[in-house]
**Q** 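Next up is a structure, given as structure tokens.
Reminder, nothing fancy here: chain letters follow the sequence lines and each chain counts from 1.
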Amino acid sequence: DTAVSQTPKYLVTQMGNDKSIKCEQNLGHDTMYWYKQDSKKFLKIMFSYNNKELIINETVPNRFSPKSPDKAHLNLHINSLELGDSAVYFCASSRGQGANQPQHFGDGTRLSIL
Amino acid sequence: LAKTTQPISMDSYEGQEVNITCSHNNIATNDYITWYQQFPSQGPRFIIQGYKTKVTNEVASLFIPADRKSSTLSLPRVSLSDTAVYYCLVNPGNMLTFGGGTRLMVKP
């Protein structure tokens, strides 16, 4: 069974559209995250949720809105997509918030804006 | 957040031991040192984590000197499937900051 699963794996859409990426983890973890990996392969954290509550919100345009219906799910909704949003988006989870809690990543959603 | 510096790329041959060193001169007291591995088209995968001295698991060893300003990931007897990008992270709490990583190429 996949521990952290993201859908869709690929997403190609037009500029200006609104799209969502879903993430689910079956590890029983309390904390979930969204990361963005750009073309230079740098991975940057966007959001972190603990038990459905937002705990980290890095400098991300407010077009990006995470939603956590329960602690096993953290979805990412993006409004008015722009060319610069093209990237790979990774979801991750960890048992808790501590520095010694390894994060488990999904395989990414490749978003391409036309 | 502590910044890390690691080589951009390394080449090795199957069966060799590979050591990747990461510098983190301004590491803080609370920081752990964590290494992740990333294959193409996959998310990063946790390899090993340590705070001081030496940590070993079934995949790798992590050596941390007393001043903790650097650390070395050691991969014993690499195989072709170890070709990947390896990231060194030094972070308090769960605010992971990934640098560019080291691209390891294992050749036959």
Side-chain angles (χ1 to χ4, degrees), chain A residues 2-10 21 23-25 27 29-51 53-60 74 87-110, chain B residues 1-9 24 27-53 55 57-60 62 64 68 71 73 83-105:
Chain A
T2 303
V4 180
S5 60
Q6 302 178 221
T7 54
K9 191 174 178 68
Y10 298 95
I21 306 172
C23 179
E24 175 181 4
Q25 54 95 2
L27 298 167
H29 288 168
D30 292 326
T31 310
M32 296 185 71
Y33 315 81
W34 276 108
Y35 289 84
K36 178 180 180 181
Q37 187 168 42
D38 60 25
S39 57
K40 295 182 179 179
K41 304 299 183 186
F42 285 96
L43 205 63
K44 297 179 182 177
I45 190 165
M46 301 173 69
F47 302 101
S48 174
Y49 268 70
N50 187 61
N51 275 321
E53 290 191 14
L54 180 66
I55 54 173
I56 293 175
N57 182 357
E58 291 297 297
T59 306
V60 175
L74 181 61
V88 182
Y89 292 84
F90 288 98
C91 176
S93 72
S94 64
R95 186 167 300 172
Q97 301 177 55
N100 60 344
Q101 300 296 326
Q103 295 192 11
H104 297 253
F105 286 78
D107 284 337
T109 295
R110 283 143 192 84
Chain B
L1 296 174
K3 183 181 176 182
T4 59
T5 303
Q6 50 184 125
I8 293 174
S9 64
H24 27 80
I27 188 171
T29 306
N30 295 335
D31 291 348
Y32 279 77
I33 301 158
T34 311
W35 286 80
Y36 284 80
Q37 173 192 56
Q38 186 176 25
F39 297 114
S41 302
Q42 293 186 23
R45 184 174 72 101
F46 171 85
I47 302 176
I48 197 166
Q49 183 182 70
Y51 185 80
K52 60 181 179 180
T53 62
V55 180
N57 61 23
E58 64 277 6
V59 177
L62 179 60
I64 306 168
R68 304 199 329 123
S71 58
L73 174 73
T83 293
V85 179
Y86 292 82
Y87 294 95
C88 165
L89 286 80
V90 175
N91 302 278
N94 60 357
M95 287 187 63
L96 293 195
T97 301
F98 286 77
T102 297
R103 187 171 301 275
L104 173 65
M105 174 69 73

**Q** Answer yes or no: are there more than 12 heavy-atom neighbours, outside A:R110 itself, under 6.0 Å from its atom CZ?
**A** yes
**Q** Which bit of A:Q37 is near chain B, if near means a heavy-atom gap under 4.5 Å: side chain, backbone, both or neither?
**A** side chain
**Q** Does atom NZ of B:K52 have more than 12 heavy-atom neighbours from other groups under 6.0 Å away?
**A** no
**Q** Which atoms form the tightest heavy-atom contact between A:D107 and B:G43, and what is the distance?
**A** OD1-N, 3.5 Å
**Q** Check A:Q103 against B:F46 and note the closest heavy-atom contact, atom names and distance.
**A** O-CB, 4.3 Å
**Q** Sort B:F39 into side chain, backbone, both or neither according to what part of it lies under 4.5 angstrom from a heavy atom of chain A.
**A** neither
